[in-house]
Amino acid sequence: MTLTTKMIAQADTAWDNFVILYPDLLSFNKPVIKLNNRIYKTAGRCLIEDNVIELSAKLLINNYSEMMNIILPHEMAHQIDYNLNGLPNRWHGKSWQNIMESFGLPADTYHSLEL
């Protein structure tokens, strides 16, 4: 199984778990997950209006577990916040924090991953 295949499987599982917490997500498409070779200062980003999540390919290689278990849900929480609440006033506002905490993760806004 390739790294991309594992990443997409993990994203599918995370999305399914978010849907259990937020059944209204059934009316939205799962975000498309992509690796981006050009981003490395940020671990990931969510292009909310495009329903696309990009993860840093460079950081993923050395930080697979944290990228899959923390960064991916962090970015998915941005898409979920947008889907359920519209364009946020603050990217890491209270609604986003609640989504992260409902998923059992801290609402941290920064990472300490290394290349």
Side-chain angles (χ1 to χ4, degrees):
M1 187 180 292
T2 68
L3 192 59
T4 302
T5 305
K6 288 180 186 178
M7 179 186 68
I8 291 171
Q10 183 74 20
D12 288 346
T13 299
W15 184 260
D16 292 344
N17 289 328
F18 275 121
V19 168
I20 291 168
L21 296 169
Y22 301 99
D24 288 348
L25 290 174
L26 287 170
S27 62
F28 296 94
N29 291 325
K30 229 179 278 191
V32 174
I33 312 298
K34 296 181 177 181
L35 287 176
N36 185 323
N37 289 314
R38 293 178 291 151
I39 58 174
Y40 59 91
K41 289 186 180 182
T42 183
R45 63 183 177 189
C46 181
L47 308 169
I48 56 174
E49 293 178 342
D50 296 327
N51 200 33
V52 171
I53 292 172
E54 295 182 335
L55 297 177
S56 169
K58 294 174 183 179
L59 287 171
L60 181 66
I61 293 167
N62 294 323
N63 305 279
Y64 181 81
S65 181
E66 189 167 351
M67 289 288 288
M68 291 298 98
N69 297 313
I70 296 173
I71 304 302
L72 179 61
H74 172 117
E75 299 306 331
M76 291 181 115
H78 285 298
Q79 187 65 52
I80 291 162
D81 189 17
Y82 175 72
N83 289 352
L84 299 178
N85 304 309
L87 193 61
N89 291 329
R90 293 181 47 219
W91 287 112
H92 297 108
K94 192 64 179 163
S95 59
W96 175 85
Q97 292 172 23
N98 290 337
I99 293 166
M100 287 293 287
E101 290 167 0
S102 72
F103 199 67
L105 293 173
D108 295 334
T109 57
Y110 297 100
H111 68 80
S112 58
L113 304 177
E114 296 183 18
L115 287 173

About how many Å separate [atom2] of [Y] and [atom1] of [X], when rounded to the nearest 0.5 Å?
X	Y	atom1	atom2	answer
N29	W15	CG	CH2	8.5 Å
N63	L55	CG	CG	11.5 Å
S102	N17	OG	CG	10.5 Å
T42	L113	OG1	CG	9.5 Å

| query | Tell me the salt bridge (Lys or Arg N to Asp or Glu O under 4.0 Å) pairs involving residues 82-111, sequence neighbours left out? | reply | none

| Which atoms form the tightest heavy-atom contact between A43 and M67, and what is the distance? | O-CE, 3.3 Å

Honestly curious: do [X] and [Y] fall in one hydrophobic cluster under the side-chain, below-4.5 Å linking rule?
X	Y	answer
M100	I71	yes
W91	L105	no
I53	V19	yes
F18	M7	yes
L26	L21	yes

| said: Test question: given the 4.5 Å side-chain rule for I, L, V, M, F, W and Y, name all other residues clustered with V52, or answer none. | reply: V32, L47

| Partners of D12 by salt bridge (Lys or Arg N to Asp or Glu O under 4.0 Å), sequence neighbours excluded? | K30

| request: Carefully, step by step, assess M68 and L60 under the rule side-chain contact (heavy atoms from CB on, under 4.5 Å). | output: CA-CA 8 Å; M68 291 298 98; L60 181 66; 3.6 Å; yes

| What pairs of residues pass the ring pair (Phe, Tyr, Trp, His ring centres under 6.0 Å) test when at least one of them lies in residues 50-77, not counting sequence neighbours? | H74-H78, H74-H92, H74-W96

Do [X] side-chain atoms and [Y] backbone N/O form a donor-acceptor pair below 3.5 Å?
X	Y	result
D81	A77	no
K58	I39	no
E75	C46	yes

| said: Suppose we screen for side chain to side chain donor-acceptor pair (under 3.5 Å). Which residues come up paired with S27, at least two apart in sequence or across chains? | reply: none

| said: If the condition is side chain to side chain donor-acceptor pair (under 3.5 Å), which residues does Q79 pass it with, not counting sequence neighbours? | reply: N51, N83

| query | Do I99 and M76 come within less than 4.5 Å of each other through their side chains, counting heavy atoms only? | reply | no

| Test log, rule side-chain contact (heavy atoms from CB on, under 4.5 Å), inputs I80 and F28 | CA-CA 9 Å; I80 291 162; F28 296 94; over 6 Å; no

